[in-house]
There are 2 protein chains.
Amino acid sequence: MTLRMTRQRAAVTELLDDIDDFRSAQQLHELLRGRGDAVGLATVYRTMQALADAGEVDVLRSADGESRYRRCRERGHHHHLVCRSCGATVELAADVVERWARQVGADYGFADIDHTAELTGICSACAARQRSAAEAAR
Amino acid sequence: MTLRMTRQRAAVTELLDDIDDFRSAQQLHELLRGRGDAVGLATVYRTMQALADAGEVDVLRSADGESRYRRCRERGHHHHLVCRSCGATVELAADVVERWARQVGADYGFADIDHTAELTGICSACAARQRSAAEAAR
DNA sequence: CCCCTCTTTGAGAATGGTTCCCATGTCAAC
DNA sequence: GTTGACATGGGAACCATTCTCAAAGAGGGG
Ligand SMILES: [Zn+2]
Ligand SMILES: [Zn+2]
Ligand SMILES: [Zn+2]
Ligand SMILES: [Zn+2]
């Protein structure tokens, strides 16, 4: 029952301190290897799953079906706005959405409502980069 | 470029007429086989992908990573409320969410905002069924 | 410190949904 | 009909994730 502190788990949580985007288990595995903290891929998967179950990381499924993980500042429930180009991520409190979910559940007689709501877009830095690239090609 | 009408594509679109829940490609394949309309699994995948690209079906990824498809009444953009127990589905117009997405995009300087927002819950029929099952076990 | 026990690890195999390959079938334009 | 581009399907390939199980190691009680 006691979660033991191992070199591997320490390496993963340290890595998460230095990362601000959603990353897949495979990317984390590669990053760990790059730092010299070799950790088995299966262990990365297990650790991220445990952290997700404990609510310490958020999980997002990318379009290609990969799970990506991120340790957010906000521990409680929230949503995300992610740049499709560079991955920059903003954490969002969204009372409007919480109210909408509850209201819709009540309207249709559904109990135990759960919801997901995620935004993607192009951040201003990436938009600027794209504009100047387009100009250079002119 | 021209989409040809084949026996297989006809069988799939006919099947979709008779279904009101989100179903996986494999489930659709099995259902077609059950009707006597044998269609290759690869073809079901290709057809659903094409229909999704054309906006004729909506795609939802279940928790276990399977893509599930549904031909909705509403052709345009909308969201869903799905029963986790029986799969019953309600289509939702959600202006609140659309406004929220636009507003957040503007607030953080993100362009080309896209969003997903899906609700799950237990429909009243399933809730009643669960209540009487719990009572019988008492 | 040293055991002893029980958790954790990791390499490779297994799984399972989805896509690819390509020889063969078939729509539809002329 | 003839023809050629498009579609089909069975099985192999792909790939993220999970499983297996023997070996390593955390950590509490002596
Ligand atoms: Zn960006
Ligand atoms: Zn929320
Ligand atoms: Zn239900
Ligand atoms: Zn919407």
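Within every chain, numbering begins at 1; the chains are lettered A, B, ... in the order of the sequence lines, protein sequences first and strands thereafter.
Atom CG in B/Leu41 sits about 10 Å away from atom P in D/dG10, given to the nearest Å. Rounded to an integer number of Å, the gap from A/Asp64 CG to D/dC15 C1' is 10 Å. To the nearest angstrom, P of C/dG17 lies 16 Å from CZ of B/Arg23. Atom CE in A/Met5 sits about 13 Å away from atom P in D/dG28, given to the nearest Å. B/Glu30 places its CD atom 16 Å from the P atom of C/dG16, with the value rounded to the nearest Å. One atom, CZ of A/Arg33, and another, C1' of C/dA11, lie 11 Å apart when rounded to the nearest Å. Rounding to whole angstrom units, NE2 of residue A/His29 and C1' of D/dT18 are separated by 15 Å. In this entry the distance linking CZ of A/Arg7 with C1' of D/dA23 reads 15 Å, nearest Å.
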Give the intermediate values and the outcome of salt bridge (Lys or Arg N to Asp or Glu O under 4.0 Å) for residues B/Asp17 and B/Arg71. CA-CA 8 Å; B/Asp17 285 341; B/Arg71 179 153 66 208; 2.4 Å; yes
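Considering only side-chain atoms of B/Gln26, the nucleotide from C/dC20, C/dT18, D/dT17 that sits closest is C/dT18. Comparing C/dT18, C/dT8, C/dA28 by their closest approach to the side chain of A/Arg4 singles out C/dT8.
Tracing side-chain contacts under 4.5 Å through hydrophobic residues (I, L, V, M, F, W, Y), one reaches A/Trp100 starting from A/Tyr108; they form part of the same cluster. Both A/Leu31 and A/Val39 belong to a common hydrophobic cluster when Ile, Leu, Val, Met, Phe, Trp and Tyr are linked at side-chain heavy-atom distances under 4.5 angstrom.
Using a 4.0 Å cut-off, some side-chain N or O of A/Thr6 falls inside it from OP1 or OP2 of C/dT9. Side-chain nitrogen and oxygen atoms of A/Gln8 include none within less than 4.0 Å of the OP1 or OP2 phosphate oxygen of C/dT8. The shortest distance between the side-chain N/O atoms of A/Tyr45 and the OP1/OP2 oxygens of D/dT18 is not below 4.0 Å. Using a 4.0 Å cut-off, no side-chain N or O of B/Gln49 falls inside it from OP1 or OP2 of C/dT18. A close approach under 4.0 Å does not occur between any side-chain nitrogen or oxygen of A/Thr43 and OP1 or OP2 of C/dT8.
Donor-acceptor pairing under 3.5 Å, judged by distance alone, is present between the side chain of A/Arg46 and the base of C/dG10. B/Arg9 contributes no side-chain N or O that forms a donor-acceptor pair with the base of D/dA7 under 3.5 Å.
The nearest heavy atom of DNA chain C to B/Gly65 and to A/Gly40 marks one nucleotide each, and the one closer to the 5' end goes with A/Gly40. The nearest heavy atom of DNA chain D to A/Glu66 and to B/Val44 marks one nucleotide each, and the one closer to the 5' end goes with B/Val44.
Within the 4.0 angstrom heavy-atom criterion, no nucleotide atom of any strand lies near B/Ser24.
Look at A/Arg23 and A/Glu30 and you find no salt bridge, because none of the NZ, NE, NH1 or NH2 atoms lies under 4.0 Å from a carboxylate O.
Taking OG1 from A/Thr43 and NE2 from A/His29, the interatomic distance works out to 8.5 Å, rounded to the nearest 0.5 Å.
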